Amino acid sequence: MNQKYIKPDEWSILEEGFDAEMVKSSESLFSIGNGAMGQRANFEEQYTGDTFQGSYIAGVYYPDKTRVGWWKNGYPEYFAKVLNAPNWIGINVLINEEKLDLHTCKEVSEFKRELNMKEGWLSRSFKAVLQNGIEIKVDTKRFLSLELDEVGVINYNVTPLNSNAKITYTPYIDAGITNEDTNWDDQFWDVLNVSQNNQQSFIEARTMKTHFYTCTFMESRLFVDNSEIITGCNKEESSNYTSCTYQQEIKQNQTFTIHKFGGYVVDRNHNKNKLVVAAKEALDKAVSFGFDALLEMQKQSWAKIWSMSDITIEGDVEAQQGIRFNIFQLNQTYLGTDATLNIGPKGFTGEKYGGSTYWDTEAYCIPFYMATKDQSVARTLLEYRYKHLEKAIENAGKLGFTNGAALYPMVTMNGEECHNEWEITFEEIHRNGAISFAIYNYHRFTDDYSYIPEKGLEVLIGIARFWQQRVNFSTDKNKYVMLGVTGPNEYENNINNNFYTNYIAKWCIEYALENIEIVKNDHISDYIRIKEKVNFTDEELAKWKDVADNMYFPFSEKHNIFLQQDGFLDKELITVADLDKSQRPINQKWSWDRILRSPYIKQADTLQGFYMFEDHFSTEELERHFDFYEPFTVHESSLSPCVHSIQAAKLDRMDQAYTFYLRTSRLDLDDYNHEVEEGLHITSMAGTWMSIVEGFGGMRVVNNTLSFSPKIPKGWKSYSFKVNFRNQVITVNVSQNGTRFELEGKQEINILVNGEKITVTPNNLLKV
């Protein structure tokens, strides 16, 4: 870990004491969102210190032109960027005409910031002495409403402590913002209109190139000692800015409060020519409820989410805080209410990775949403890829593949590839396998087969066609080989026969063939429709089968393991334990050339295959591979510790499993990778949930039956979680004395516990 200033607490993220060095880290850690929009935890008042201002609207992006030193055929023309949206949270604060700015105050004391995860709000309080000698106390609270997801609300209070004071509030909207992450410093927004209507203000803007139309809005209410006052405001407008200024003489120890309502409406949900009308409706509704009523609604909305998704840990506050932080951020990022959205690796907390969709969604996030929400949410994520199938075929076509072969993008906003590193764009093709695996995983868990004949089979066929064309036959090996790829371990580029890539390619082909037969036999009308649409033949399927049956996998007889790729044993095999700690993280300390020649593994690669296809290998095989590869793994990907935690638990190495769990759950809170100020690792947070449910809880689906092999870290008294398995909610509570199961519903369910079949009946506690 690289920082340790967040205070342990079961339900809150707490910071005590103002430290300018931690401002950008805290802006990430205390981020808030509601699925439709999100924002970093920037101060409402002006702050002239080092800061990363960020507000984001779901689904609104800009195609930033690709910038590379050497253009290669097949490069995508742009890298999609999540856009820093117009800032509506700003409130300039003057005390006797001096601007409140924590960077310039004489003194800041009793600073406390809280992200209350149970109720879904962010607060901040402090005392400050300004350069003019006035001492004030400030309390703020804000949240983005889950119920009214176009609206956010701020409660901002200032109390003068040592004298009377003239306090000035200037709430504003600023559309003159830029992205931290930009290739060419382009202007991303075109401001169309700035307007005010009584206490309401609006800025209409359109994104350049993509032409998303938005309206950012605000309205304020003023209070003295909780009594509302009616006062006029001085209005100001410019080409990209609007504000209202309110002044009030406040006595010593009186509190002057502003409630600011703001947010966004976008043409994804409204007529682009009536956005101000939609904004007025959103404001009128929010203001009519008022801050307190909206806050109560927020608490109720989060209580509903937590009732299903919470994981409790007794006896380890840091572990408890970590898992709830992960679950909270996942739900702030994506709630499954909009089928056109997906889950960006940084969510609404930063701009790295462009805010786009990666293979993380299918490999890590779908299990979380599948088990903690209605299965329709996971199905929506699958349908997102189905809607992009034609784009995936186009992507493959740009690289020379034919006949409907589909290559899903490594990074995308709309189905087009928009990643511009050649070793990823062209070579990290294993992402295709995660798309197929998610379809399999969904059917395995939900028992809903309908998605496959309706939509999924077309995706499976396109992916199988890609794999069949991507291999070539080696007469030397008498096998099909896969050349020039990058596996999950991105510290190895342009290598041959990556085990994981070859293995998942073989599996994808076999799974497509299997489901073609099932649909042919059981869903004949869908089979006829699909066959006519994609035009596959028996001869083509025979070619697929030949590839799958004769795929090459590099293997070491000496170590009795599959090799990560050809030539892995040619490296100087120095383990991480023997690597000087001053050289870590190697991605920040070493040249790329040195990394590529090293044996060090960024994240699970061969072991990723053993995780996804655990039932294909024996426990003894897993142990051999884990013992060989984990010592070379530097875990410099956020996706790494969770897989290793699950596998360590499978091998009954609970101390190691716990260490990996703590790392994945507190990856951002403790800034393990020296980069939290750039934003949080949202998609890997689903892996944290998996570390407990699949790792410690041992949850699997075995022979169509829900199965558990519960284990517990020695320092924990107990832990519990819920899963929604085929529309039946089962609660699992594991303690040092055994495991208890409870079932909500009307029908009993058979489960496996440590391989033994037991029956759980509704509303009866079963102890094992």
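If you're wondering where the values come from, they're calculated on a predicted model, not measured in any experiment. Only this structure's heavy atoms are used, side chains among them; waters, hydrogens and symmetry mates stay out.
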### Message
Using only atom types and a distance under 3.5 Å, with no angle test, would you say the side chain of K571 pairs donor to acceptor with the backbone of S598?
### Response
yes
### Euclidean distance, N673 CG relative to H681 NE2, rounded to 0.5 Å
5.5 Å
### Message
Using side-chain heavy atoms (C-beta onward) and a distance below 4.5 Å, is E492 in contact with D605?
### Response
no
### Query
About how many Å separate CD of E620 and CG of N560, when rounded to the nearest 0.5 Å?
11.5 Å
### Task
Measure from the ring center of Y629 to the ring center of F568 and say whether it is less than 6.0 Å.
yes
### Message
Applying the side chain to side chain donor-acceptor pair (under 3.5 Å) criterion to Y552, which one of N502, D566, N497 satisfies it?
### Response
D566
## Note on the structure
One should read off an interatomic distance between W544 CH2 and D549 CG, to the nearest 0.5 angstrom, of 14.0 Å
### Task
Return the orientation label for the F368 and W689 ring planes: parallel under 30°, perpendicular over 60°, tilted otherwise.
perpendicular
### Message
Side chains of L706 and V723, heavy atoms from C-beta outward: is any pair under 4.5 Å?
### Response
yes
### Query
Closest approach of K346 and L680, non-hydrogen atoms and distance?
CD-O, 2.8 Å
### Task
May I ask you to decide if K4's main-chain N or O and D670's side chain share a donor-acceptor pair within less than 3.5 Å?
no
### Task
For S645 and P641, indicate whether the former's side chain and the latter's backbone hold a donor-acceptor pair under 3.5 Å.
no
### Task
For N498 and T486, indicate whether the former's side chain and the latter's backbone hold a donor-acceptor pair under 3.5 Å.
no
### Query
Between R584 (side chain) and V634 (backbone), is there a donor-acceptor pair under 3.5 Å?
yes
### Query
Is there a donor-acceptor contact under 3.5 Å from the side chain of E636 to the main chain of N587?
yes
### Message
Would you call the rings of F628 and H559 parallel, tilted or perpendicular, taking 30° and 60° as the class edges?
### Response
tilted
### Task
Could you label the plane-to-plane angle of the F499 and Y503 rings as parallel, tilted or perpendicular, counting under 30° as parallel and over 60° as perpendicular?
tilted
### Message
Applying side-chain hydrogen bond (donor to acceptor under 3.5 Å, both in side chains) to H625 and Q564, what does each step give before you reach the verdict?
### Response
CA-CA 10 Å; H625 286 78; Q564 184 174 280; over 6 Å; no
### Query
So, S665 versus T688: side-chain donor-acceptor pair below 3.5 Å or not?
no
### Greater than 12 external heavy atoms within 6.0 Å of K545's NZ
no
#### Entry: Approximate separation, where rounding is to 0.5 Å, of F617 CZ and R624 CZ
11.0 Å
### Message
What verdict does the side-chain hydrogen bond (donor to acceptor under 3.5 Å, both in side chains) test give for S28 and T349, after you've listed the backbone C-alpha separation in whole Å, the side-chain angles of each residue and the deciding distance to 0.1 Å?
### Response
CA-CA 6 Å; S28 294; T349 71; 5.5 Å; no
### Query
Within a strict 4.5 Å, meaning less than it, do heavy atoms of the W467 and I429 side chains meet?
yes
### Query
Is there a donor-acceptor pair closer than 3.5 Å between any side-chain N or O of R663 and the backbone N or O of Y658?
no
### Query
Do the side chains of N494 and E423 get nearer than 4.5 Å, heavy atoms only?
no
### Task
Please work out which of the three classes, parallel, tilted or perpendicular, describes the rings of Y440 and W507, given edges at 30° and 60°.
perpendicular
### Message
Show the nearest heavy-atom pair for residues A319 and W716, with the distance to one decimal.
### Response
CB-CZ2, 3.8 Å
### Task
Inspect the surroundings of CG in N703 and state if more than 12 heavy atoms from other residues, nucleotides or ligands are less than 6.0 Å away.
no
### Task
Would you sort out whether F708 and V732 count as a side-chain contact (heavy atoms from CB on, under 4.5 Å), showing the intermediate values?
CA-CA 9 Å; F708 298 93; V732 182; 3.8 Å; yes
#### Entry: Interatomic spacing from CG in L330 to CG in L335 - rounded to 0.5 Å
10.5 Å
### Intermediate values then yes/no, side-chain contact (heavy atoms from CB on, under 4.5 Å), D310 and R324
CA-CA 7 Å; D310 191 23; R324 282 186 172 142; 2.9 Å; yes
### Task
Decide yes or no on side-chain hydrogen bond (donor to acceptor under 3.5 Å, both in side chains) for S718 and E314, but give the supporting numbers first.
CA-CA 5 Å; S718 70; E314 186 182 11; 2.8 Å; yes
### Query
Is it the case that E417 and H419 place a side-chain donor and acceptor less than 3.5 Å from each other?
no
### Donor-acceptor contact below 3.5 Å, side chain K722 vs main chain I730
no
### Query
What is the ring orientation for F660 with H644, classed by angle as parallel under 30°, tilted 30 to 60°, or perpendicular over 60°?
tilted
### Query
Checking side-chain contact (heavy atoms from CB on, under 4.5 Å) for the pair Y661/I323: CA distance, chi angles, key distance, verdict?
CA-CA 9 Å; Y661 162 75; I323 187 59; 3.3 Å; yes
### Query
So does R379 pair up with E383, basic N to acidic O under 4.0 Å?
yes
## Note on the structure
Nearest heavy-atom approach of S25 to V676 is OG-CG1, 3.5 Å
### Message
In terms of relative ring orientation, are F473 and Y480 parallel, tilted or perpendicular, with 30° and 60° separating the classes?
### Response
perpendicular
### Query
What are the two closest heavy atoms between E490 and N493, and how far apart are they?
O-ND2, 3.2 Å
### Query
Do N704 and R726 get their side chains close enough for a donor-acceptor pair, meaning under 3.5 Å?
yes
#### Entry: E572 to P599 - nearest heavy-atom pair and separation
O-CG, 3.3 Å
### Summary
Between S556 and L569 the two heavy atoms that sit nearest each other are OG-CD1, 3.6 Å
### Task
Could you tell me if the ring centre of F626 sits under 6.0 Å from that of F610?
no
### Message
Checking R653 now: which residues fulfil salt bridge (Lys or Arg N to Asp or Glu O under 4.0 Å) with it, not counting sequence neighbours?
### Response
E623, D627
### Message
Distance alone, cut at 3.5 Å: any donor-acceptor contact between the side chains of D580 and S582?
### Response
yes
### Message
Could you walk me through whether V485 and H430 satisfy the side-chain contact (heavy atoms from CB on, under 4.5 Å) test, starting with their C-alpha distance in whole Å, then the side-chain angles of each, then the deciding distance to 0.1 Å, before giving a yes or no?
### Response
CA-CA 9 Å; V485 302; H430 67 81; over 6 Å; no
### Task
Report yes if some heavy atom in the side chain of R385 is under 4.5 Å from a heavy atom in the side chain of T412; otherwise report no.
yes
### Query
Checking Q332 side chain against S31 main chain: does a donor-acceptor pair fall under 3.5 Å?
yes
### Task
Might you work through the ring-ring contact (aromatic ring centres under 6.0 Å, His included) test for Y408 and F466, ending with a clear yes or no?
CA-CA 10 Å; Y408 277 90; F466 172 81; over 10 Å; no
### Message
Using a 3.5 Å distance criterion without hydrogens, assess whether the side chain of D668 forms a donor-acceptor pair with backbone atoms of D671.
### Response
no
### Task
Would you kindly say whether E318 and Q321 are connected by a side-chain donor-acceptor distance under 3.5 Å?
no
### Query
Are any of the side-chain heavy atoms of R431 and Y358 separated by less than 4.5 Å?
no
### Message
A side-chain contact here means heavy atoms from C-beta on lying under 4.5 Å apart; do K714 and D655 qualify?
### Response
yes
### Query
How many angstroms lie between NE2 in H635 and OG in S637, if you round to the nearest 0.5 Å?
10.5 Å
### Task
Answer yes if the ring centres of Y491 and Y600 are under 6.0 angstrom apart, and no otherwise.
no
